[in-house]
Amino acid sequence: MTPRWLPPENPLSPEHFQAVRRPLLEAETMPPWTYTTPGFYAAEVEKIFGKTWNFIGRAARVAQPGQYFTLDFAGIPVAVVHGKDGRLRAFANTCRHRGARLLEGEGEIAAIRCPYHSWTYDLKGALRGAPEMEDTACFETADFGLDEFRLESWGGFLFLCFDPSVPDLASFLGELPELLAAYDLENMVCVRRKTWDIACNWKIYVENAMEAYHVPTVHAKTIQRQKRTISPPLYGETGQWSGLYTKHEGSRALEAGDTGFPYLPTLTGPSAEGTYYILIYPGTMLALTFDCMWWLEVHPRGPEHMHLISGACFPKAITERPDFEEVVQRYYKRWDRSIPEDNVISELQQQGLRSPFARVGRFSIMEPLVHSLDNWVLDRVVAPSV
Ligand code: FES
């Protein structure tokens with residue numbers, strides 16, 4: 001075999017991906033260099049994360065006027081601010097003077113004051129103060145407000161979009177809100193949010209989350225003991241999502257043998273008999289089971305680096321039970337054991353794919369959503385065939 005020491009000269013050429021484009025059981029996996037090379041990653045940032053609705057967690061993080069949180073999404077510093085007028089806005093977290101990052105972390109503010117030379121913006125992003133700028137020719141504060149990104153919500157979750165031209169969030173989600181309506185996500189309460197720093201490409205993590213093939217091996221001591229019947233994959237017809245549905249007994253948010261909270265009384269049909277694992281493209285996984293929901297949110301940070309944010313929501317009435325803190329520890333135990341198992345295997349896959357001797361592989365019948373994610377990426381990143 002011949003090692004590949006460098007990525008191909010034109011990594012976006014369709015010729016590299018003809019085998020990924022075949023039907024699942026005839027297809028090959030993505031070329032290893034698509035998980036490691038800056039050129040391919042830069043195209044993903046521009047053509048995927050720069051043009052889609054990116055999931056960024058619960059709106060309740062900024063429930064009160066003046067509250068804010070910051071994030072770096074695919075290298076873009078963003079501040080989400082709850083204005084005094086009650087509106088949530090997402091701003092470029094970059095000063096209009098000489099570009100300093102404005103806000104850090106999360107908290108509560110009356111105004112946005114730059115830590116460099118004290119230009120000050122109100123919570124609508126308008127520049128209100130710029131010291132020593134009176135003598136500067138043709139300088140109008142009205143021309144130097146913060147850039148605002150699009151921000152919309154569904155089910156209590158925020159979605160961020162950097163592109164003013166793409167259709168709205170409802171078009172992006174399609175039929176998904178209707179499919180998940182019985183879970184009443186809007187009125188759930190986020191009880192925990194955790195961030196993990198992981199040395200792998202974002203696709204590796206999402207691919208892993210959307211196949212159960214690895215479960216008997218990677219999760220042999222944890223969720224492998226859960227018995228399940230996996231149905232054919234789900235694909236959004238109008239929305240940008242796919243998913244798995246598994247029929248089973250007992251909450252999927254608990255390890256086998258543990259008992260938890262009562263089930264949601266609003267569930268009927270398939271949602272009362274199993275669990276949905278939904279991928280909202282490109283990188284958010286929602287798991288909806290009998291008594292709660294949890295999510296995994298992938299924030300790409302480079303070709304071989306990402307942040308994972310895991311969160312969990314329960315119905316408000318459940319969180320008000322006197323035994324909530326005691327019982328919820330069983331759920332935390334399940335997530336705190338299984339998520340690190342996925343983190344470790346994702347980093348191991350990255351280390352293997354980094355080798356110049358890494359080669360393309362083949363898919364099993366258990367990996368349709370890996371194959372469909374890879375093709376979804378190629379549809380957006382790779383130049384169309386001629
Ligand atoms: Fe912000 Fe100078 S860079 S005030």
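The residues of the chain are indexed from 1 along the displayed sequence. Ligands are counted one by one from 1 in listed order, and the atoms in each one are counted from 1 as well.
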Hydrophobic side-chain clustering at under 4.5 Å (ILVMFWY, transitive links): who's grouped with Trp119? Put none if nobody. Tyr68, Val81, Phe91, Leu102, Leu103, Ile109, Ile112, Tyr121, Leu123, Leu127, Met133, Phe139, Phe144, Leu146

Indicate the ring-plane relationship of Phe159 and Trp154, choosing parallel, tilted or perpendicular according to the 30° and 60° boundaries. tilted

Checking Arg330, Arg334, Arg337 against Glu255 for salt bridge (Lys or Arg N to Asp or Glu O under 4.0 Å), the one that qualifies is Arg337

Less than 6.0 angstrom separating the ring centers of Phe40 and Trp202, yes or no? no

Once rounded to the nearest 0.5 Å, what's the spacing between atom OH of Tyr41 and atom NE2 of His305? 9.5 Å

Under 2.8 Å from atom 2 (Fe) of ligand 1, protein N/O/S atom count? 2

Verify the ring-centre separation between His299 and Tyr205: is it less than 6.0 angstrom? no

